[in-house]
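First comes the structure, then the notes that go with it.
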Amino acid sequence: MSGRNTYVIRCYGITKDPETNNFMMVMRYAENGSLRQNLNKNFNLMNWDKKFDNLDDIARGLSYIHKEGLIHQDFHSGNILKLDSHDMCCITDLGL
C-alpha cells in the first residue's frame with residue numbers, strides 16, 4: 001500500500017518459525033486483542049456510540065484498502081484488532 005492509514009495495521013516484515021515452518025507477520029502489538037475477543041468480553045458494557053465508533057473505524061479501514069485497489073479476502077472479527085487505550089479498531093492480516 002502506498003500510504004499509511006490509521007485503520008490498517010502496518011506489516012513490518014515476515015518471519016518463519018523454525019520449528020513449525022509457519023510464516024508469521026511482524027506488526028504492532030494489539031494489547032486489547034481482536035474485536036471478537038473484545039466484544040465477547042465487553043459487549044454489554046459498551047454503549048451504542050462506542051459500537052458505532054467501531055463500525056466507523058472498520059469502514060474507514062476498508063475504504064482505504066479498496067482505494068488502494070486491494071481486497072482483504074479473509075475479513076472477519078478476528079482480523080480486526082483493538083490496539084490500545086484509544087480503543088480504535090484496525091484491520092490486519094491482508095495475507096501473505
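For this chain, numbers begin at 1 and follow the sequence in order. Just so we're clear, the structure is a prediction, and the values are computed from it rather than from any experiment.
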Please tell me if the side chains of [X] and [Y] come closer than 4.5 Å, counting only heavy atoms from C-beta onward.
X	Y	result
Asn40	Gln37	no
Ser34	Lys82	no
Phe75	Ile91	yes
Ile71	Ile65	no
Met24	Asp17	yes

Can you name the nearest heavy-atom pair linking [X] to [Y], along with the distance?
X	Y	result
Asn54	Cys89	OD1-SG, 3.3 Å
Tyr12	Arg28	CE1-N, 3.8 Å
Gly78	Arg36	N-NH2, 3.7 Å
Cys11	Met27	CA-CB, 4.5 Å

Exercise for the section: Give the C-alpha distance, both sets of side-chain angles, the deciding distance and a yes or no for side chain to side chain contact (heavy atoms under 4.5 Å, CB included) between Lys16 and Asn22. Expected result: CA-CA 6 Å; Lys16 186 177 180 181; Asn22 290 331; over 6 Å; no
Spatial distance of atom [atom1] ([X]) from atom [atom2] ([Y]) [nearest 0.5 Å]:
X	Y	atom1	atom2	result
Asp49	Asp56	CG	CG	11.5 Å
Leu45	Asn38	CG	CG	10.0 Å
Leu39	Ser77	CG	OG	7.5 Å

Handout entry: Residue pair Leu81, Ile9: steps toward the side chain to side chain contact (heavy atoms under 4.5 Å, CB included) verdict
Key = CA-CA 9 Å; Leu81 301 180; Ile9 293 183; 3.5 Å; yes
If only atom types and distance count, is the side chain of [X] paired as donor or acceptor with the main-chain N or O of [Y] below 3.5 Å?
X	Y	value
His72	His66	no
Asn47	Lys50	yes
Asn79	Asp74	yes

Hey, any chance [X] and [Y] share a hydrophobic cluster, counting ILVMFWY side chains that come within less than 4.5 Å of each other, even indirectly?
X	Y	value
Leu70	Ile58	yes
Leu35	Met46	yes
Trp48	Leu55	yes

Problem - Exceeds 12 heavy-atom contacts within 6.0 angstrom, atom NZ of Lys51 - result: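 Atom NZ in Lys51 is crowded, with more than 12 foreign heavy atoms closer than 6.0 Å.
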